[in-house]
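Please read all numbers here as calculations on a predicted model, not as lab measurements.
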Amino acid sequence: GYSESHGCSGGGALLVTANDTRDLTWDTRTNNAVVENLILENSHSKNGGGLSLFRVDGPTVKNLIVRNNTATMMGGGINVYSSVFSMEDVEIHDNLCYGTVYGGFNDVGHGGGLFLNQTWGTLDNMDIHHNTASMNGGGVWSSEGSAWTMTNSNVSDNVAPYNGGGFGFWNHNEQDLNATLVNVTIANNVAQQGWFIGHGGGVWANNSSTVFEDCRFINNVSNDNGGAVNYWGGSSSPKFYHTTFDGNTSTSFGGAIYIAPDAGSFHVEYCTFVNNSTGINGAGIQTNRSGAVINSTFYGNSAGEYGAISIGDYYYVDVYNSILWNEDVNDIELGGLVGYFNVFHSDIRPSSDDNYNSYWEGNGNIDVDPRFNGTDAGDFTLREDSPCKDAGIADLDGDGVEDITDYNGSAPDMGAFESQMSAPSDFLLLASTNYVVATWLETEEESFQYYLLERSTDPEFNEDVVSNFLLKLGRHFYEHL
């Protein structure tokens with residue numbers, strides 16, 4: 001299809017719209033259309049070369065292939081403008097934004113695969129790959145207070161000639177609305193080289209505070225700052241939980257994460273940074289604002305000058321329960337304005353500079369081999385004899401209340417992976433009116449210390465919990481009720 005004359009509403013092959021396609025306000029109209037089991041290809045429009053959802057509340061998009069479409073401006077594959085929607089099982093690939101002159105700029109065209117503006121909804125099992133924007137957001141562009149959640153998806157091999165090879169986020173914080181990504185792989189995306197451009201190989205974001213949970217940033221390339229992500233402007237404050245950064249590259253600062261001087265802050269928790277590299281500083285993280293790194297692991301990252309983590313401005317960064325051990329890839333793990341690091345209960349590979357090493361003495365910090373199970377195989381769990389086991393701290397702010405409660409042993413482990421206590425085999429529980437008997441097969445682990453048996457009147461074990469620590473020979477437990 002061809003619908004350049006549709007204007008901003010777009011939709012080269014298919015348009016789902018409110019009843020006035022010339023109204024550019026953000027008011028939505030109920031529309032419960034179901035778009036399912038289609039291939040939308042070889043079509044063109046100003047916005048949304050294949051499909052456009054324009055000011056509608058309720059449509060469902062499911063089991064689509066959107067390929068080889070073009071847009072003059074936004075959304076080479078799909079355009080979603082001020083809509084509430086759901087998408088599931090949609091593949092968007094090999095779409096293109098040509099770009100046009102707009103607002104005094106040439107080449108304006110965002111979201112090579114998918115363009116989202118002032119949108120709410122869910123996107124599940126999306127496969128967005130090999131799309132190209134003319135400016136920002138090679139795979140996906142999202143702007144103006146959009147609050148959507150993407151789960152179980154892949155965004156890979158997309159290209160942005162300016163910024164944000166995989167994703168571009170713009171001005172989400174204006175209305176305190178932000179996107180959340182859960183179990184999303186962002187891989188092999190590229191922000192191309194140019195003057196003052198090339199930022200954010202995986203993600204480039206302005207005034208946005210995206211949340212990433214259980215995500216993977218792999219082999220993204222920035223030809224400036226932020227191989228995986230670049231956050232700048234306004235109050236940008238991204239949060240990363242249980243996320244892996246592996247093999248991302250930037251030519252300047254921040255092999256994985258770059259936080260600009262005009263951003264807000266950042267938070268990293270239970271994350272893994274492996275084999276990321278940067279031309280200057282901050283192979284894992286380069287920040288110019290305050291932030292926190294909690295229970296994270298850094299290994300094999302490489303910077304042109306120094307730092308798996310580097311501070312570039314006068315703001316404090318707190319590091320708790322983390323491991324920075326790069327096997328001689330870098331001589332300095334924490335770089336830049338090192339006096340602005342607050343480091344607690346972390347394992348930091350020592351440098352040849354004793355003055356540098358003195359910054360981390362005390363506060364429960366150590367500088368010995370963490371003894372990972374298998375770095376060559378990408379296994380950064382801890383061996384039974386690791387000095388990092390039970391060596392962290394649970395009360396991060398010192399107020400007497402544990403901030404970390406989900407751990408095994410006497411204290412949290414250092415690093416991104418808490419050691420697991422395996423359940424005993426052949427466990428049997430015999431209950432009567434007045435007592436219970438628990439039996440199990442005795443463990444043969446050499447490093448075994450004790451069994452932990454808990455009982456509670458609360459099925460969720462959130463309160464009224466009684467713990468019993470049992471020695472190796474105590475294979476049978478008898479308790480009166």
Side-chain angles (χ1 to χ4, degrees), residues 124-125 151-152 182-183 213-216 241-244 269-272 294-297 320-323 345 347 364 366 369-396 400-481:
D124 182 61
N125 198 27
T151 55
N152 310 317
V182 181
N183 190 29
E213 301 176 8
D214 298 298
C215 292
R216 294 155 298 281
Y241 302 97
H242 298 278
T243 290
T244 297
E269 191 167 346
Y270 291 100
C271 292
T272 306
I294 302 171
N295 277 98
S296 294
T297 296
Y320 300 93
N321 302 346
S322 293
I323 300 173
H345 292 263
D347 188 6
I366 60 177
D369 187 342
R371 298 176 186 168
F372 294 121
N373 268 313
T375 57
D376 290 343
D379 184 355
F380 294 93
T381 58
L382 301 175
R383 285 166 34 185
E384 287 294 330
D385 60 349
S386 170
C388 297
K389 293 184 66 175
D390 296 348
I393 186 172
D395 179 10
L396 302 183
V401 179
E402 290 192 347
D403 301 289
I404 299 173
T405 58
D406 187 10
Y407 62 89
N408 300 310
S410 59
D413 295 341
M414 295 177 180
F417 302 99
E418 180 72 16
S419 299
Q420 299 301 307
M421 297 177 67
S422 58
S425 58
D426 293 342
F427 181 83
L428 180 64
L429 184 68
L430 302 174
S432 72
T433 303
N434 300 316
Y435 63 87
V436 295
V437 175
T439 66
W440 57 88
L441 186 65
E442 183 175 333
T443 182
E444 297 181 357
E445 292 184 12
E446 294 182 1
S447 60
F448 175 84
Q449 295 177 316
Y450 55 82
Y451 296 103
L452 170 61
L453 188 147
E454 295 182 332
R455 59 186 175 89
S456 174
T457 57
D458 176 13
E460 301 297 328
F461 277 73
N462 291 323
E463 57 185 7
D464 191 27
V465 178
V466 177
S467 299
N468 299 93
F469 294 88
L470 312 176
L471 298 178
K472 185 173 183 179
L473 296 179
R475 291 178 294 165
H476 309 282
F477 182 76
Y478 174 89
E479 176 72 11
H480 279 287
L481 298 176

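Nearest approach of Ala411 to Gly392, heavy atoms of both residues: CB-O, 3.6 Å. Taking every heavy atom of both residues into account, Ile404 and Pro412 meet most closely at CG2-CG, 4.0 Å. Nearest approach of Ser467 to Glu454, heavy atoms of both residues: OG-OE2, 3.3 Å. Pairing each heavy atom of Tyr270 with each of Ala416, the nearest pair is CD2-O, 3.4 Å.
Counting only heavy atoms from C-beta outward, the side chains of Glu418 and Asp406 never approach each other to under 4.5 Å. Side chains of Thr272 and Phe417 form a contact here, defined as non-hydrogen atoms less than 4.5 Å apart. Using a 4.5 Å heavy-atom threshold, the side chains of Asp458 and Val465 count as separate.
If you take CG on Leu396 and CD1 on Ile294, they are separated by 5.5 Å, rounding to the nearest 0.5 Å. To the nearest 0.5 Å, atom CG of residue Asp413 and atom CG of residue Asn408 are 8.0 Å apart. The structure places CD of Glu269 at 7.5 Å from OG of Ser296, a figure rounded to the nearest 0.5 Å. In this structure, CZ on Arg383 lies 11.5 Å from SG on Cys388, to the nearest 0.5 angstrom.
Checked by atom type and distance alone, the side chain of Thr243 pairs as donor or acceptor with a backbone atom of Cys215 at under 3.5 Å. A distance-only check finds a donor-acceptor pair linking the side chain of Ser322 to the backbone of Tyr320 [under 3.5 Å]. In this structure, the side chain of Thr381 does not engage the main chain of Asn373 through any donor-acceptor pair within 3.5 Å. Asp395 contributes a side-chain N or O that, together with a main-chain N or O of Gly400, makes up a donor-acceptor pair within less than 3.5 Å. Checking side-chain atoms of Asn321 against main-chain N and O of Ile393 turns up a donor-acceptor pair under 3.5 Å.
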Determine whether Asp214 and Asn183 satisfy the following criterion, side-chain hydrogen bond (donor to acceptor under 3.5 Å, both in side chains), listing intermediate values before the conclusion. CA-CA 5 Å; Asp214 298 298; Asn183 190 29; over 6 Å; no

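Between Met414 and the options Asp390, Leu382, Asp347, a side-chain contact (heavy atoms from CB on, under 4.5 Å) holds for only Asp347.
Aromatic ring orientation, Phe380 versus Phe372: perpendicular (interplanar angle above 60°, classes split at 30° and 60°).
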